[in-house]
Amino acid sequence: MELVVAEVGTEPEGDQIYRLPHDGSIVDEHGSVAVGGNAEQISSFLDQRHRDGMSLAEALKLAVQALSRDTNGSERDIPAERLEVAVLDRTRPQQRKFKRIVGRQLSRLLEADNAAVTKTDEPSDEAPEE
């Protein structure tokens, strides 16, 4: 079993991501991280395409693209209802920065045209939609 520990700073420069593999070592990660089945393939895909400053919709779409790729190179469809998504949102006023993204908000983000993503698509303090 592997574990990912992330800390969101007050500014992006203060963000930290660590991966703790099953051997007990600590790996400092930058930008993106994948664990579990096909982690190496997914990490490679993310490393080639991730860039700092991506919108939430862009990052979410990239993550789904990475997860959708089979080991043989083909792609499969992953509908929103099969995804579990959460973010660490530094703008939340409470100390807990963890926020799940579910329901219509998740569907809107996956369907959003990158140029049309608005502030309303960012995580909010609203109760989760079911």
Side-chain angles (χ1 to χ4, degrees):
M1 178 167 89
E2 290 187 76
L3 180 67
V4 174
V5 177
E7 177 182 6
V8 62
T10 55
E11 299 294 327
E13 298 78 28
D15 295 349
Q16 297 182 45
I17 305 173
Y18 298 99
R19 182 173 49 87
L20 289 80
H22 51 79
D23 66 5
S25 60
I26 299 174
V27 181
D28 188 11
E29 299 285 353
H30 299 281
S32 64
V33 63
V35 296
N38 297 335
E40 191 172 314
Q41 176 185 342
I42 292 168
S43 289
S44 176
F45 185 88
L46 291 173
D47 288 345
Q48 294 171 14
R49 291 162 181 83
H50 174 268
R51 68 183 194 294
D52 290 342
M54 294 177 82
S55 71
L56 179 57
E58 290 171 325
L60 181 58
K61 288 178 189 178
L62 178 60
V64 172
Q65 287 175 345
L67 291 170
S68 299
R69 302 182 66 80
D70 289 328
T71 54
N72 63 7
S74 63
E75 292 187 24
R76 57 192 165 94
D77 184 46
I78 303 176
E81 56 272 4
R82 294 206 47 224
L83 296 170
E84 291 184 46
V85 178
V87 296
L88 295 177
D89 180 2
R90 81 181 83 257
T91 65
R92 290 186 73 167
Q94 59 269 67
Q95 182 137 0
R96 186 172 187 245
K97 304 301 182 186
F98 180 88
K99 162 87 172 76
R100 290 187 193 279
I101 301 175
V102 297
R104 287 189 304 258
Q105 183 183 26
L106 178 57
S107 295
R108 279 195 314 267
L109 286 166
L110 289 171
E111 295 166 2
D113 178 54
N114 290 343
V117 176
T118 65
K119 189 69 175 167
T120 60
D121 290 325
E122 296 300 323
S124 68
D125 293 328
E126 298 171 10
E129 299 171 351
E130 297 296 329

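Taking Ser44 as the reference, Gln48 meet the side chain to side chain donor-acceptor pair (under 3.5 Å) condition, with sequence neighbours excluded. In terms of the side chain to side chain donor-acceptor pair (under 3.5 Å) criterion, residue partners of Gln16 (sequence neighbours excluded) are, by chain and number, Tyr18. Residues that satisfy the salt bridge (charged side-chain N to carboxylate O under 4.0 Å, His left out) test with Arg96, not counting sequence neighbours, are absent from this structure. Applying the salt bridge (charged side-chain N to carboxylate O under 4.0 Å, His left out) criterion to Arg49, with sequence neighbours excluded, gives no partner residue.
Linking Ile, Leu, Val, Met, Phe, Trp and Tyr whenever their side-chain heavy atoms come within less than 4.5 Å leaves Ile17 and Ile42 in two separate clusters. Hydrophobic cluster membership is shared by Leu56 and Leu46, with clusters built from Ile, Leu, Val, Met, Phe, Trp and Tyr side chains linked at under 4.5 angstrom.
Sorted by first then second residue, the salt bridge (charged side-chain N to carboxylate O under 4.0 Å, His left out) pairs that include residues 3-16, not counting sequence neighbours, are Asp15-Arg90. Listed by first then second residue, pairs satisfying salt bridge (charged side-chain N to carboxylate O under 4.0 Å, His left out) with a partner in residues 32-45 number zero, not counting sequence neighbours.
Residues His22 and Met1 are not in side-chain contact: their nearest non-hydrogen atoms beyond the backbone lie 4.5 Å or more apart. In this structure, the side chains of Leu106 and Leu60 come closer than 4.5 Å at one or more pairs of heavy atoms.
Here the CZ-OG distance, from Arg104 to Ser107, works out to 9.5 Å after rounding to the nearest 0.5 Å.
Counting side-chain heavy-atom gaps under 4.5 Å among Ile, Leu, Val, Met, Phe, Trp and Tyr, the cluster of Val8 also holds Leu88, Phe98.
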Tell me which donor-acceptor pairs under 3.5 Å the side chains of residues 76-86 have, and how far apart each pair is, sequence neighbours excluded?
from, atom 1, to, atom 2, distance (Å)
Arg76, NE, Asp70, OD1, 3.1
Arg76, NH2, Leu67, O, 3.1

For residues 24-35, which side-chain N or O atoms pair as donor and acceptor with protein atoms under 3.5 Å away, sequence neighbours left out?
from, atom 1, to, atom 2, distance (Å)
Ser25, OG, Asp23, OD1, 2.7
Glu29, OE2, Arg19, NE, 2.8
Glu29, OE2, Arg19, NH2, 3.3

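Without hydrogens or angle criteria, Gln41 side chain to Asn38 main chain gives no donor-acceptor distance under 3.5 Å.
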